[in-house]
Amino acid sequence: MTDGDHRVLKFRPRTRARSPTANPADKLAPDLSRYERKNESPDDYRHRMIANAAAIAFTAALTGAGIWLAMTLADLRNTQDCVLMGRRDCAHISAQKTDPIRHN
């Protein structure tokens, strides 16, 4: 080779490391009993259900806050677009319902 930086490598095709009829005892998982907890407390169903309810309530509150924020931003964007177009009737005016009988 004239150039020491470039070199072509030959790759051999992949073959199976073992034949499918290898010893089945080699495929078994090692004994995992040494990783088991000895003094594991029984499943506390009530505590788990309270935690699940709290998680659902938190998720619902977070979703509600996100929807409220998105609606507020959309309303502000629409108001800003209205003002930037030069219109004068952009403010939202909430009219109170008046009872025609009791109107002074």
Side-chain angles (χ1 to χ4, degrees):
M1 269 198 263
T2 59
D3 191 22
D5 293 337
H6 302 287
R7 197 165 119 186
V8 176
L9 299 176
K10 284 182 141 182
F11 289 103
R12 291 177 285 174
R14 293 183 181 183
T15 59
R16 290 187 176 200
R18 295 184 200 146
S19 65
T21 60
N23 188 4
D26 294 340
K27 294 183 181 179
L28 295 178
D31 186 26
L32 301 177
S33 62
R34 62 182 172 187
Y35 298 111
E36 291 179 1
R37 294 183 192 172
K38 303 293 184 217
N39 298 328
E40 189 172 332
S41 64
D43 189 21
D44 190 3
Y45 182 77
R46 184 171 186 265
H47 180 267
R48 189 166 34 110
M49 288 300 116
I50 291 172
N52 287 345
I56 289 171
F58 177 74
T59 304
L62 197 60
T63 302
I67 291 171
W68 171 79
L69 184 62
M71 297 295 285
T72 303
L73 288 174
D75 187 41
L76 287 173
R77 183 186 64 223
N78 290 338
T79 304
Q80 185 180 21
D81 289 344
C82 179
V83 169
L84 291 175
M85 285 191 296
R87 295 175 61 190
R88 293 183 175 194
D89 56 348
C90 298
H92 294 285
I93 300 171
S94 62
Q96 295 178 350
K97 287 187 176 183
T98 57
D99 193 9
I101 298 173
R102 295 185 182 183
H103 185 61
N104 292 333

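Both backbone and side-chain heavy atoms feed into the values below; hydrogens, waters and symmetry mates do not.
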Value for CZ (Arg48) from CD1 (Ile50), rounded to nearest 0.5 Å, stands at 12.0 Å

To the nearest 0.5 Å, atom CG of Leu76 lies from atom CE of Met71 at 12.0 Å

According to a hydrophobic-cluster definition based on side-chain heavy atoms being under 4.5 Å apart (Ile, Leu, Val, Met, Phe, Trp, Tyr only), do Leu73 and Ile67 belong together? no

To the nearest 0.5 Å, atom OG1 of Thr63 lies from atom CZ of Phe58 at 9.5 Å

The residue among Asn78, Leu84, Val83 that forms side chain to side chain contact (heavy atoms under 4.5 Å, CB included) with Gln80 is Leu84

